[in-house]
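Counting starts at 1 for both ligands and their atoms, in listed order.
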Amino acid sequence: MAGGGFAAASANGVEFEAKITPIVIISCIMTATGGLMFGYDIGVTGGVTTMPDFLEKFFPVVHRRVEAGVDKNKYYCKYDNQGLQLYKSSLYLAGLTATLFASYTTRRPGRRQTMLIAGVFFIIGVALNAGAQDLDMLIAGRILLGCGVGFANQAVPLFLSEIAPTRIRGGLNILFQLNITFGILFANLVNYGTAKIKGWGWRLSLGMAGVPALLLTVGALLVTETPNSLVERGRLDEGKAVLRSIRGTHYVEPEFAYLLEASRLAKEVKHPFRHLFQRRNRPQLVVALALPMFQQCTGINAIMFYAPVLFDTLGFGSDASLYSAVVTGAVNVLSTLVSIYSVDKVGRRVLFLEAGVQMFFSQVVIAIVLGTNVTDHSTNISRGFAVLVVVMICTYVAAFAWSWGPLGWLIPSEIFPLGTRSAGQSVAVCVNLLFTFIIAQAFLSMLCHFKFGIFIFFSAWVLIMSVFVMFLLPETKNVPIEEMTERVWKKHWFWGRFMDDHNDQVLVSGGKSNGKTKVEAEESEKEVVNKP
Ligand code: BGC
């Protein structure tokens, strides 16, 4: 989910001189902690909500229902509770709101300060959660964690994409996703261990989020601001000095000139959000709205948030449920590696389309097994079928992890032209958190009402999004980021018509800026990228 801005330090495939310096390595550790924190929050609550002590303290109604046993309860509805869902989803609502502020703070105080703000939110949020005495305190903690996610998810990837040498920027981008999956797995493992601690195991689970939170905060204090951000704020000498130290070379003139020019051009786009809605940006905007939405409509977070609850609902028992969640978490991590390896070789579309078939197939199998084995009042799922469900869930998670997981973030960050890249990225983050919120809030009720049909529901979405990919998502593999318009959008059978020069507006909102027409402005954008 690399951020936008004028982060594209590579131009038309031209590489600036750059070594992989210690500062760049520290940045990788930063990515790890930002992603870990987000992933930990995604993974931890599912396990915690199957812990009886936690339920008894905060959700006594659900606790009584779960304890009452199978016969008196509707199987699929054991955990259906608005409060429980709000506990989960409040984080994403807060994150969504914070993203709007984060696009300001990343521009003004800068990327580093924004990460610091995120770290402080995380630490206070974790403290409130681990020490929670009542539901209000618990939800207040989740809201603060959400603010942390909003700031961190905007600033960390932006920071990384600006500080990394071009040749490792793509890899670092998916590395962020890899760390999200590590965070989820770490949370599942912690839950598996703490579930055995009577009384306060859940506090330990929630408190362990403090580890990535502290690392992120200390990291933000240690690292330098990005040269792009310094130049953007007029601190040119400092920007050049930082560029020299991170690139490990004194000769940074070409890249510095590029930064100055990119900054000038980005400033010309006075209203990036308004610009985003112009006709010639329509294709990118549609893709940036559709991809994060579709990513959530795969149903992945039904599994990531609620795997232990889901397995418990199926009658696996608490321990086996937590164990199965660890297994799916591990599959998620390993399959993300497949994506890192293959995304620039086989391309985005192949990964999407293959994964579409795999996800559709596994969801339909899960629906059939559940439909024939789990009734409203009991489950008579045999060991063999239970194993089949776990295997199919793993098959599904694997497909997601090498397609929609990383690519749902990667593609929105690489399709926009310079002037709207940052705004486009914020839109993608917002849409992602909005739909994550909707799934978090609705899943347990949907499970209760749709029953096994929930998997058919998500498989229908997988079908729709695969058709979208097939016809409307162009391949962006190996296309330099600044050549996307010419080589991808203008050549596309459908989107090409939006690139019609006669209908184009000028680059800068309001029809003119510095007297430049769109063509002139685009020419100067090309000059910039060709400069070195
Ligand atoms: C998604 C998260 C999801 C995670 C699973 C991310 O790309 O945005 O919502 O939980 O992948 O690995």
Side-chain angles (χ1 to χ4, degrees), residues 1-3 31-32 34-47 88-89 91-93 95-96 99 145-146 149-150 152-154 156-157 173-189 288-310 325-340 343 348 351-352 355 359 393-413 425 427-443 458 461 465:
M1 54 188 278
T31 351
L36 271 184
M37 190 68 217
F38 184 44
Y40 195 89
D41 286 331
I42 291 172
V44 76
T45 45
K88 183 90 231 181
S89 67
L91 186 149
Y92 302 95
L93 201 55
L96 181 68
T99 318
L145 287 177
V149 165
N153 281 20
Q154 184 101 356
V156 175
N173 187 302
I174 297 190
L175 209 60
F176 187 75
Q177 168 73 15
L178 184 66
N179 283 297
I180 296 178
T181 63
F182 271 132
I184 297 174
L185 177 61
F186 177 44
N188 287 333
L189 282 168
L289 289 171
L291 258 59
M293 179 192 88
F294 283 149
Q295 186 203 58
Q296 292 304 314
C297 293
T298 55
I300 187 65
N301 281 325
I303 309 284
M304 291 300 142
F305 294 163
Y306 296 116
V309 168
L310 189 71
V326 172
V327 174
T328 51
V331 168
N332 195 17
V333 172
L334 293 175
S335 309
T336 306
L337 293 174
V338 174
S339 191
I340 292 182
V343 67
R348 284 84 166 133
L351 287 175
F352 272 129
M359 288 196 286
I393 287 186
C394 288
T395 309
Y396 161 80
V397 168
F400 173 87
W402 61 58
S403 61
W404 285 94
L407 304 184
W409 293 108
L410 175 66
I411 292 178
S413 80
Q425 179 70 11
V427 166
V429 175
C430 267
V431 173
N432 189 288
L433 290 176
L434 174 66
F435 280 86
T436 311
F437 164 76
I438 293 173
I439 297 283
Q441 185 61 37
F443 175 70
F458 286 128
W461 274 105
M465 64 189 79

Would you mind writing out a table of all protein N or O atoms found under 3.5 Å from any N or O atom of ligand 1, naming both atoms and giving the distance to 0.1 Å?
unit_1, atom_1, unit_2, atom_2, d
ligand 1, 7 (O), Gln177, OE1, 2.9
ligand 1, 7 (O), Gln177, NE2, 3.3
ligand 1, 7 (O), Gln295, NE2, 3.0
ligand 1, 7 (O), Gly405, O, 3.3
ligand 1, 7 (O), Trp409, NE1, 3.0
ligand 1, 8 (O), Gln295, OE1, 2.9
ligand 1, 8 (O), Trp409, NE1, 3.2
ligand 1, 9 (O), Gln296, NE2, 3.0
ligand 1, 9 (O), Asn301, ND2, 2.7
ligand 1, 10 (O), Asn301, OD1, 2.5
ligand 1, 11 (O), Gln177, NE2, 3.2
ligand 1, 12 (O), Asn332, ND2, 3.0

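- Phe443 and Phe458 have parallel rings, their planes meeting at less than 30° on a 0 to 90° scale where 60° marks the start of perpendicular.
- For Gln295 (side chain) and Gly405 (main-chain N/O), a donor-acceptor pair under 3.5 Å exists by modelled atom type.
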Could you give me the CA-CA distance, side-chain angles and deciding distance for Ile42 and Tyr92, then say whether side-chain contact (heavy atoms from CB on, under 4.5 Å) is met? CA-CA 10 Å; Ile42 291 172; Tyr92 302 95; 3.4 Å; yes

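- Listed for the Ser339 side chain is no donor-acceptor partner under 3.5 Å among the backbone atoms of Ser335.
- Remark: side-chain polar atoms of Asn188 are paired, donor with acceptor, to backbone N or O of Ala325 under 3.5 angstrom.
- In this view, Phe182 and Leu36, Leu178, Asn179, Val333 satisfy the side-chain contact (heavy atoms from CB on, under 4.5 Å) rule, not counting sequence neighbours.
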